[in-house]
2 protein chains.
Amino acid sequence: MVQIVESRVRDRRREILRAASDVFRVRGFHAAGMRDIARRLGIAVGKLYYWFENKQELLAFCQEDCLTALLQTADRARELDADAPACLWHLVVGHLLCLNEWSPGSLAHLEVESLAEPHRARIQALRDRYEERVRGVVADGVRAGRFRHDIDPKVATLCVLGSANWSVKWFRPGGALPLRRIARAFADQLVRGLVSNPESWSPPTDGPFSVEAPDE
Amino acid sequence: MVQIVESRVRDRRREILRAASDVFRVRGFHAAGMRDIARRLGIAVGKLYYWFENKQELLAFCQEDCLTALLQTADRARELDADAPACLWHLVVGHLLCLNEWSPGSLAHLEVESLAEPHRARIQALRDRYEERVRGVVADGVRAGRFRHDIDPKVATLCVLGSANWSVKWFRPGGALPLRRIARAFADQLVRGLVSNPESWSPPTDGPFSVEAPDE
DNA sequence: GTAGAATCTGAACAATGGTTCAGATTGTGG
DNA sequence: CCACAATCTGAACCATTGTTCAGATTCTAC
C-alpha cells in the first residue's frame, strides 16, 4: 500500500525529471528555469513545488537518478566475474551509455557545484561511492598484475571518468558516429593504456551493455 | 603609439579577467556576477562596462585567453620535431598545465554553451582550430604507423581532450598529488592506449613544459 | 451526494543580476 | 591654468527567476 503510493510519487517526480532533462538539453543546464520546466509539461509552475520542495531538490533528484544508474552499471560490470581489464572496459562502456542514452539526468550529473547543502553532501557521497567502485577495479587490477604496477589507481580513475563525463558535452544522438562505437573506442584506449600486456590484450566482445547493438 | 594604447587596454582587460577568474573559482562560474567581479577589484560595477561591452564579451575574452594559451602549447609541442606519440604526450601535459596552472580563464573554457552569438561562433572556431591541431597529430601518427591503425583520430582526440578538460573540475593546487605528476600519468595512459608498440614505447623524459618541475 | 484529501493553479512577491547613464573625477596636452 | 579626453561612479531601471499561497479543481472513500 505504502509501496504503491511511493511508486506513484516517484513516477510523478521522474516525469518532472524527464521534462527538466529536455529543458537542460535545449537551453543549457544553468539557463533552465522552473517556468521552462512547467511549460515543457504543460502545467502551472506551482505544481512543481507540490512535488519538490524547491529547485535544489529537483536538481539533486536528477543527479541522484543518474548516479543510481551509474552505480547499477558498476554492479553489473562487477557481476561478470571477469578480470580487471575486462571489468573496467565494461564500466567505461556502461558509463558512456548511461550518460548519453539511458539517464535523462545526465546533464545535471556534470554540474558538481550547482548543489548547496544539504543536498550536496548526500550526492557527493554517491559520487564518491561510484568513483570508489571504479578505483577499486583499477586497484585490484594492479594487485593482480593485470594493470601496470607503476600507475596510481586514483589518477587513472580520474582520467577514465573525465573522458566519459565530458562526452555529455559533445555527443549528440544521430551524429556521425554511433554511441556504442565511441564507447568501445574510449574503453579500448583507456584500458589499453593501463594493462600490463597491451600487445596481447584484446577487449571483450560481449557483455551486459549491448555493445553490438543495432547501430552498426 | 597605437600599440601602446592597445597594450594598455589589454592589460586592463586582463586585470579584469583575473578578477573574474578568482570569482569563478570561489563562487562557481555560473554564480559569478558582475557585482562580484567589481567587488573583487574594489571598483564600481559600471567600470566593467567601460572596458567590456557586456558580460558576454567578458566571458568570450576569458575563453579566448585560454584558447590562445592552448594553441600556443600546441605550437610548442609541434616545434619539438618529435614523433607523433611524443608530440601528443607533450600536448596532453601542456593542456593540463595550461588549464590548471597558467590560464586564469580556464574555468570559462569548460562552459561551451554559456556564449551566445556573435561571440560564440568566433570562440567555437578557436576551439575547432585547437581540436584540429590535436587531431592532426593523432592522424599523422596513424599514417606513420606510430599509432594503431584501427583507431579513429576524431574519437581518440575526444577521449584525450575530455580527460584533460574535466581535470579543471577536480584538481586543486596544493592537493595530495602535484599537477605535473597527474599530467604525466594522464599523458602516459592516453598515449599508451594509442601507440602501436605500447610494450616498447616509453614516454618523453624532457620537453617544453617543465614536467620535471620542483613539485617532486 | 458529500466531506475531506490530494492535486493543481497562476498572480503576486521578493530577490537577484545585467545594464544604463548623468555626472564626477582624474589625467594630459597645450 | 584650462579644455578636453579618458576613466570612473553607483543609484536606478528592467527583466528574470525562485517561491508562495489562497483558492480552485479533481479524486476518493463512505
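Each chain gets a letter, A, B and so on, in the order its sequence line appears, and its residues count up from 1.
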Is [X] salt-bridged to [Y], going by a charged N under 4.0 Å from an acidic O?
| X | Y | answer |
| --- | --- | --- |
| Arg129(A) | Glu132(A) | no |
| Arg135(A) | Glu131(A) | yes |
| Glu15(B) | Arg18(B) | no |

>> Give me the atom names and distance for the closest heavy-atom approach of Ala108(A) to Cys62(A).
In response: CB-CB, 3.7 Å
For residues 34-47 of chain A, dump all side-chain donor-acceptor pairs below 3.5 Å to protein atoms at least two apart in sequence or in another chain.
from, atom 1, to, atom 2, distance (Å)
Asp36(A), OD1, Arg39(A), NH2, 2.8
Asp36(A), OD2, Arg27(A), NE, 3.3
Asp36(A), OD2, Gly33(A), N, 2.8
Arg40(A), NE, Asp22(A), OD2, 3.0
Arg40(A), NH2, Asp22(A), OD2, 2.8

> Taking atom CD1 of Ile151(B) and atom OG1 of Thr157(B), what is their separation to the nearest 0.5 Å?
Replying inline: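 Ile151(B) atom CD1 to Thr157(B) atom OG1 measures 8.0 Å (nearest 0.5 Å).
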> Can you tell me how far NE2 of His90(A) sits from CG of Leu80(A), rounded to the nearest 0.5 angstrom?
Replying inline: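 Reported to 0.5 Å precision, the distance equals 5.0 Å.
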> Heavy atom of residues 30-40 of chain A under 4.0 Å from DNA chain D: which residues?
Replying inline: Ala32(A), Gly33(A), Met34(A), Arg35(A)
> Which residues, if any, of residues 110-118 of chain A bring a heavy atom under 4.0 Å of DNA chain D?
Replying inline: none
> Do any pairs count as a salt bridge (Lys or Arg N to Asp or Glu O under 4.0 Å) and have a residue in residues 102-118 of chain B, sequence neighbours left out, and if so which ones?
Replying inline: Lys169(A)-Glu113(B)
>> Just to be sure I understand the geometry, which residues of residues 50-61 of chain B put a non-hydrogen atom under 4.0 Å away from DNA chain C?
In response: Asn54(B), Lys55(B)
> So with a 6.0 Å cut-off around CZ of Arg122(B), is the heavy-atom count from everything else above 12?
Replying inline: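 Yes, the 6.0 Å shell around CZ holds more than 12 heavy atoms from other groups.
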>> Please identify the 5'-most and 3'-most nucleotides of DNA chain C with any atom under 4.0 angstrom from a heavy atom of chain B.
In response: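 Contact boundaries, 5' end first: dG17(C) to dT20(C).
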